Amino acid sequence: MSIYERWVEETEKEREHDAADKFWAEYFSTEKDFYQELLTDPNKIFEDTFANLAEHFGRKHELFMGFLDGINSSLKKELDLNGIKEDTIVKLDIDFEKLYLNMQKAKAPWLYKLKEWDNILSLEKRNEIAKEYKKSMIAVSRKTVGRNDPCPCGSGKKYKKCCGKNE
């Protein structure tokens with residue numbers, strides 16, 4: 001079983017409500033520490049074996065895989081998570097704008113409100129990304145015109161006899 005499969009199994013494990021809350025609270029707390037370190041020096045690209053990076057960040061392999069799972073779509077080159085073994089070279093070359101957007105999508109204010117973002121993206125840029133994300137989430141429905149409805153062009157004819165004639 002791959003490290004990634006073990007991580008997925010850990011997240012899907014049946015737990016009592018309190019145990020599940022404890023698991024995720026611990027994960028989110030360590031996730032915050034992980035991102036604080038990554039964001040402290042945005043020019044540093046972490047690249048080493050999976051095992052060495054997990055040790056560097058002080059995490060069990062499954063938990064570190066959880067971080068990689070979370071950040072993967074924000075990397076300039078995504079990782080094949082299922083193919084990662086202890087000796088696989090992992091490169092964390094982050095697209096920070098994409099990471100900030102993905103944190104918005106994940107509804108993770110404990111991550112996108114970290115003070116470390118101040119040295120990476122300006123407040124204006126972060127607000128712009130957040131605004132674009134919120135705008136993209138607005139559902140727009142177009143009212144369809146029925147065949148016997150008045151034509152929206154304002155001709156006074158039925159749609160089927162005017163703009164909808166060739167449909």
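Since the model is a prediction, treat every value here as computed from it, not as a measurement.
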Participant: Name all residues meeting the side chain to side chain donor-acceptor pair (under 3.5 Å) criterion together with D48; count only those two or more places apart in sequence or in a different chain, and write none if there are none.
Facilitator: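 Residues passing side chain to side chain donor-acceptor pair (under 3.5 Å) with D48: N52.
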Participant: Any chance you could measure S122, atom OG, to E128, atom CD, to the nearest 0.5 Å?
Facilitator: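 If we round to the nearest 0.5 Å, S122:OG and E128:CD are 8.0 Å apart.
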Participant: Would you give the length of the straight line joining atom CG of L114 to atom CG of D33, rounded to the nearest 0.5 angstrom?
Facilitator: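 Interatomic distance, L114 CG to D33 CG, rounded to 0.5 Å: 9.5 Å.
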Participant: Could you list all the side-chain hydrogen bond (donor to acceptor under 3.5 Å, both in side chains) pairs where at least one residue sits in residues 34-47, not counting sequence neighbours?
Facilitator: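 Every side-chain hydrogen bond (donor to acceptor under 3.5 Å, both in side chains) pair that includes a residue of residues 34-47, provided the two are not neighbours, is E37-H56.
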Participant: Evaluate salt bridge (Lys or Arg N to Asp or Glu O under 4.0 Å) for E124 paired with K131, printing each intermediate quantity in order.
Facilitator: CA-CA 10 Å; E124 294 79 20; K131 183 179 178 181; over 6 Å; no
Participant: Around atom CD of E86, are there more than 12 heavy atoms from other residues, nucleotides or ligands closer than 6.0 Å?
Facilitator: yes
Participant: Mind checking whether F28 and F67 sit in one hydrophobic cluster, side chains of I, L, V, M, F, W, Y counted as touching below 4.5 Å?
Facilitator: yes
Participant: Taking the side chain as every heavy atom from C-beta outward, state whether K91 and K77 have any pair of such atoms under 4.5 Å apart.
Facilitator: no
Participant: Answer yes if L68 and I45 sit in the same cluster of Ile, Leu, Val, Met, Phe, Trp and Tyr residues linked by side chain heavy atoms under 4.5 Å apart, and no otherwise.
Facilitator: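 No, separate clusters.
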Participant: Can you tell me if E16 has over 12 outside heavy atoms packed within less than 6.0 Å of its CD?
Facilitator: no
Participant: Is the closest side-chain heavy-atom distance between T11 and W24 below 4.5 Å?
Facilitator: yes
Participant: Would you call L38 and I71 a side-chain contact if the rule is heavy atoms closer than 4.5 Å?
Facilitator: yes
Participant: Do R126 and D118 touch side chain to side chain, with heavy atoms closer than 4.5 Å?
Facilitator: yes
Participant: At their closest point, which heavy atom of A54 faces which heavy atom of H61, and how far apart are they?
Facilitator: CB-CD2, 3.7 Å
Participant: Give a yes or no on whether the ring-centroid distance for W7 and Y4 is below 6.0 angstrom.
Facilitator: no
Participant: Decide yes or no for L75 and D93: does some side-chain heavy atom of the first lie under 4.5 Å from some side-chain heavy atom of the second?
Facilitator: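 They are not in side-chain contact.
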Participant: Checking R59 against F34: charged group under 6.0 Å from the ring centre and within 45 degrees of the axis?
Facilitator: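 Not satisfied by the 6.0 Å and 45° rule.
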Participant: Going by side chain to side chain donor-acceptor pair (under 3.5 Å), name the residues that satisfy it together with W110, two or more places apart in sequence or in a different chain.
Facilitator: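 Side chain to side chain donor-acceptor pair (under 3.5 Å) list for W110, sorted by chain: E31.
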Participant: Once rounded to the nearest 0.5 Å, what's the spacing between atom CG of N102 and atom CG of L111?
Facilitator: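 CG of L111 is found 11.5 Å from CG of N102.
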Participant: Within this structure, what is the CE-NZ distance for the pair M103 and K113, rounded to the nearest 0.5 Å?
Facilitator: 13.5 Å
Participant: Got I129 and K125 here, is their nearest side-chain heavy-atom distance under 4.5 Å?
Facilitator: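 With C-beta onward as the side chain, the pair touches.
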Participant: Nearest 0.5 Å, please: how far is CD1 in I3 from CD in E62?
Facilitator: 7.5 Å
Participant: Using 0.5 Å steps for rounding, measure from the CG atom of N127 to the NZ atom of K134.
Facilitator: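 It comes to 8.5 Å.
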Participant: Do L63 and F57 touch side chain to side chain, with heavy atoms closer than 4.5 Å?
Facilitator: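 They are not in side-chain contact.
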Participant: Could you label the plane-to-plane angle of the W117 and F96 rings as parallel, tilted or perpendicular, counting under 30° as parallel and over 60° as perpendicular?
Facilitator: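 Because their plane-to-plane angle is over 60°, the rings of W117 and F96 count as perpendicular.
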Participant: For residues E78 and S73, report the shortest heavy-atom separation together with the two atoms involved.
Facilitator: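 Where E78 meets S73 most closely, the heavy atoms are OE2-CA, 3.6 Å.
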Participant: Given side chains that start at C-beta, do those of L99 and L39 come closer than 4.5 Å, heavy atoms only?
Facilitator: yes
Participant: Answer yes or no: is there a donor N or O on one side and an acceptor on the other, between the side chain of S29 and the main chain of E26, under 3.5 Å?
Facilitator: no
Participant: Do M137 and Y112 belong to the same hydrophobic cluster, where Ile, Leu, Val, Met, Phe, Trp and Tyr are linked whenever their side-chain heavy atoms lie under 4.5 Å apart, directly or via other members?
Facilitator: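 Both belong to a single hydrophobic cluster.
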